[in-house]
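For clarity, every value in this text was computed on a predicted model and none was experimentally measured. The chains referred to below are lettered A, B, ... by the order of the sequence lines, with proteins before strands, and numbering in each begins at 1.
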There are 2 protein chains.
Amino acid sequence: MINITLKQLRYFEALARHRHFGRAAEACAISQPALSMQIKDMEDALGATLFERGARQVRLTHFGEVAAERARDILRAADELGDLARASRERLVGRLRIGVIPTVAPYLLPKVVGELTGRFPGLDIHVRETVTPKLIQELADGRLDTAIVALPVSETSLEETPLFEEPFVLVRSAREANAPLPSADSLREMRLLLLEEGHCFRDQALSFCNLPSGPPREVLDASSLSTLVQMVSAGMGVTLIPAMAVPVETRSASVAISRFEGPEPKRTVGMVWRKSSPLAGQLSDFAEIVREAGQNAARDPKPFSSQTNDNLLA
Amino acid sequence: MINITLKQLRYFEALARHRHFGRAAEACAISQPALSMQIKDMEDALGATLFERGARQVRLTHFGEVAAERARDILRAADELGDLARASRERLVGRLRIGVIPTVAPYLLPKVVGELTGRFPGLDIHVRETVTPKLIQELADGRLDTAIVALPVSETSLEETPLFEEPFVLVRSAREANAPLPSADSLREMRLLLLEEGHCFRDQALSFCNLPSGPPREVLDASSLSTLVQMVSAGMGVTLIPAMAVPVETRSASVAISRFEGPEPKRTVGMVWRKSSPLAGQLSDFAEIVREAGQNAARDPKPFSSQTNDNLLA
DNA sequence: TATTGATCATAAGAATATCTTATCAAACGT
DNA sequence: ACGTTTGATAAGATATTCTTATGATCAATA
């Protein structure tokens with residue numbers, strides 16, 4: 001294997017440019033013998049003469065000229081690697097793979113992604129939407145850089161930071177808009193529609209009702225909040241959805257939204273990443289941006305001033 | 001300036017491939033700590049993390065992946081430089097710039113160039129045809145690799161090696177074919193046609209006639225041997241040409257060729273190159289090839305068996 | 001839950017490599 | 001001939017890089 005060094009290439013390039021050992025050495029901020037030796041070593045390593053040393057002038061051999069071109073290419077590539085590193089360390093640049101749970105993604109991402117691409121022009125955001133266990137696995141596997149899930153995750157290898165708290169609201173058919181607010185326990189007696197197994201929000205809803213989060217209770221489990229709301233709108237029962245989903249999911253459905261009183265059910269949405277991730281520093285900043293966007297998203301439409309939302313289907 | 005080393009790039013590439021410090025170190029034939037340190041140094045130099053060290057696995061960061069690609073490019077370029085050097089040192093390859101004097105070039109080159117390109121497939125031969133002083137200057141300036149001229153040149157910085165001796169022959173009009181052979185001195189009394197000032201052959205011819213090689217004697221100086229022969233053929237006088245030119249130049253002219261007797265006039269054609277030229281070793285071999293070709297060229301057509309050659313103009 | 005094994009980081013000293021200063025040798029110009 | 005310029009060489013100092021030994025962390029295991 002050829003064993004030249006980048007240092008030799010730099011010296012060589014300088015000598016090729018100056019055609020004078022003394023001046024090239026000065027340009028490299030080393031002594032002339034140091035340069036002479038490195039050039040000699042490089043010639044030995046290559047097994048070819050790079051310069052023709054005349055008494056009064058130093059001239060590149062033909063091979064030397066070709067080599068100088070190559071050397072410049074190599075040095076430029078090495079410098080580019082440095083530039084690339086600098087760019088990647090100073091700001092969040094390049095690919096960022098975010099995982100988000102399905103009960104958050106559609107409501108949070110539009111705001112966050114817009115904000116992020118505006119703030120970090122070089123950022124290439126990839127979104128993965130699936131349930132928490134898969135996200136955690138992919139995070140651990142290094143297939144994701146960060147994930148937005150309901151806390152706590154309690155993985156010792158993961159850093160977690162809360163983003164915002166999100167209340168659950170009751171969704172009833174428009175007909176029931178004025179019925180009294182059921183208690184958590186009384187929800188058990190009603191026809192409570194839930195997301196299918198695997199979604200953390202299903203477990204959180206069950207937990208609120210003091211129900212075990214076991215296997216499917218009914219065959220009516222839905223695969224999305226949107227479906228749930230449509231089912232409620234069709235009079236199939238009641239459901240809980242996270243507050244942030246309200247503006248989007250109830251826009252085109254005739255349902256009544258009610259906030260709970262007293263011990264309001266809620267969950268904490270947070271961001272997690274590997275403690276060992278080199279992006280850790282930047283992910284904290286990133287979390288701050290998501291936090292702001294999320295709090296705005298939760299407050300913005302203020303759909304809770306009225307307990308009822310009876311838009312009809314388009 | 002970024003100060004990574006090729007060594008680091010090699011180690012880095014190995015670690016990127018193995019994703020395991022121990023095995024990568026083994027592949028590089030160094031100890032694991034040595035690899036760890038070099039990778040760390042490289043990360044410090046770049047100011048960016050290349051690997052995410054997990055307890056059970058080593059993983060490239062996103063930047064690391066990009067860097068690995070670049071590193072491979074750089075390493076490949078460096079290896080190519082080595083290959084290039086090997087190719088250039090083993091045999092005569094690449095550009096070879098040969099200077100040849102005009103009284104040799106047309107007669108010698110066709111044979112030599114064919115022979116050379118056959119023997120050295122990678123050789124790219126450039127020919128420069130001009131008078132000796134210019135050739136020597138260009139040789140000294142490094143604009144030529146070697147030159148074929150009449151010896152001696154007597155430049156201490158130049159190596160010179162004889163190729164062959166070349167007699168001068170007398171060219172007379174066909175009418176004079178049977179006239180007695182003039183002596184060197186009697187040539188002075190005849191109308192001796194010569195090449196223009198600057199050609200060494202002019203001086204050699206004058207020297208044979210014991211004439212000073214000063215400024216133009218006549219306005220009839222020709223710019224090529226071909227013209228000289230045509231002039232002789234037209235009855236304008238007599239001339240001398242080097243033996244090697246006979247087959248070519250008298251093919252289509254009605255002239256008589258006579259060799260001198262006794263102290264036959266001749267010159268030594270040789271090859272010269274800078275003593276400091278890195279091609280010096282190969283140029284000796286090269287000279288040997290030219291020598292053979294030249295001797296064949298001088299013998300081959302054997303036009304001297306008959307003193308007369310009276311082909312007519314086509 | 002303590003233990004073990006695997007894995008990478010760190011430390012200290014040895015081995016190399018690289019640099020500097022001083023000097024030499026060749027070659028050019030005066 | 002003589003001094004100047006220029007690159008090569010020598011010797012010792014400095015810096016880097018390597019090795020061996022050890023530490024720390026984490027996961028799998030008993």
Quiz item: Do the side-chain N or O atoms of A:R53 get closer than 4.0 angstrom to the phosphate oxygens (OP1, OP2) of D:dA8?
Solution: yes

Quiz item: Who passes side chain to side chain donor-acceptor pair (under 3.5 Å) against A:E138, sequence neighbours left out?
Solution: A:R128

Quiz item: When the distance from NZ of B:K7 to C1' of D:dT17 is rounded to whole Å, what number comes out?
Solution: 6 Å

Quiz item: Do A:E80 and A:L84 have side-chain heavy atoms sitting under 4.5 Å apart?
Solution: no

Quiz prompt | Spacing between A:K275 atom NZ and D:dT25 atom C1', to the nearest angstrom | solution = 13 Å

Quiz prompt | Between P of D:dT17 and CZ of B:R10, the distance in whole Å | solution = 15 Å

Exercise. Report the residues that fulfil side chain to side chain contact (heavy atoms under 4.5 Å, CB included) with A:E69, sequence neighbours left out, ordered by chain and then residue number.
Key: none

Quiz item: Residues in ring pair (Phe, Tyr, Trp, His ring centres under 6.0 Å) with B:F201, at least two apart?
Solution: B:F168

Exercise. In whole angstrom, give the distance that lies between atom CD1 of B:I4 and atom P of D:dT16.
Key: 16 Å

Quiz prompt | Separation of D:dA8 P from A:D44 CG (nearest whole Å) | solution = 12 Å

Self-check item: Proximity to the side chain of B:A34 - top-ranked nucleotide from C:dC19, D:dT19, C:dG5
Solution: D:dT19

Quiz prompt | ring pair (Phe, Tyr, Trp, His ring centres under 6.0 Å) pairs, two or more places apart, involving residues 68-88 of chain A | solution = none

Quiz prompt | Nearest to side-chain heavy atoms of B:K40, which nucleotide of C:dT10, C:dC8, D:dA8 | solution = C:dT10

Quiz item: Of the options B:D124, B:D145, B:T146, which is the one that meets B:R97 in a side chain to side chain donor-acceptor pair (under 3.5 Å)?
Solution: B:D145

Quiz item: What integer distance in Å separates A:R19:CZ from D:dG7:P?
Solution: 13 Å

Exercise. Using salt bridge (charged side-chain N to carboxylate O under 4.0 Å, His left out) as the criterion, list what pairs up with A:E160, not counting sequence neighbours.
Key: none

Exercise. Please list residues of residues 21-32 of chain A whose heavy atoms come under 4.0 Å from any atom in DNA chain D, ordered by number; otherwise none.
Key: A:F21, A:G22, A:Q32

Can you pull every protein N or O that's under 3.5 Å from an N or O on nucleotides 11-14 of chain C?
none

Quiz item: Hey, is the side chain of B:H20 poking within less than 4.0 Å of OP1 or OP2 on C:dA6, counting only N and O atoms?
Solution: no

Quiz item: With sequence neighbours left out, what residues match A:S207 under side chain to side chain donor-acceptor pair (under 3.5 Å)?
Solution: none

Quiz item: Who pairs with A:E65 by side chain to side chain contact (heavy atoms under 4.5 Å, CB included), at least two apart in sequence or on another chain?
Solution: A:L60, B:R95

Exercise. Please state how far atom CD1 in B:I39 lies from atom P in D:dT16, giving the value in whole angstrom units.
Key: 18 Å

Practice problem: Enumerate the residue pairs fulfilling ring pair (Phe, Tyr, Trp, His ring centres under 6.0 Å) with a member in residues 8-56 of chain B, sequence neighbours excluded, ordered by first and then second residue. | Solution: B:F12-B:F51

Quiz item: If an axis is fit to five pairs at each end of the helix from C:dT1-D:dA30 to C:dT30-D:dA1, what is the angle between the two, to the nearest 10°?
Solution: 10°

Practice problem: List in chain and number order the residues that pass side chain to side chain contact (heavy atoms under 4.5 Å, CB included) with A:A34, two or more places apart in sequence or in another chain; answer none if no residue qualifies. | Solution: A:I30, A:S31

Self-check item: Interatomic distance where CD belongs to B:Q38 and P belongs to C:dA17 [whole Å]
Solution: 13 Å

Exercise. Examine distances only and state if a side-chain atom of B:Q32 and a backbone atom of B:G22 form a donor-acceptor pair shorter than 3.5 Å.
Key: no

Quiz item: When you match B:Y11 and A:S157 each to their closest nucleotide on DNA chain D, which lands nearer the 5' end?
Solution: B:Y11

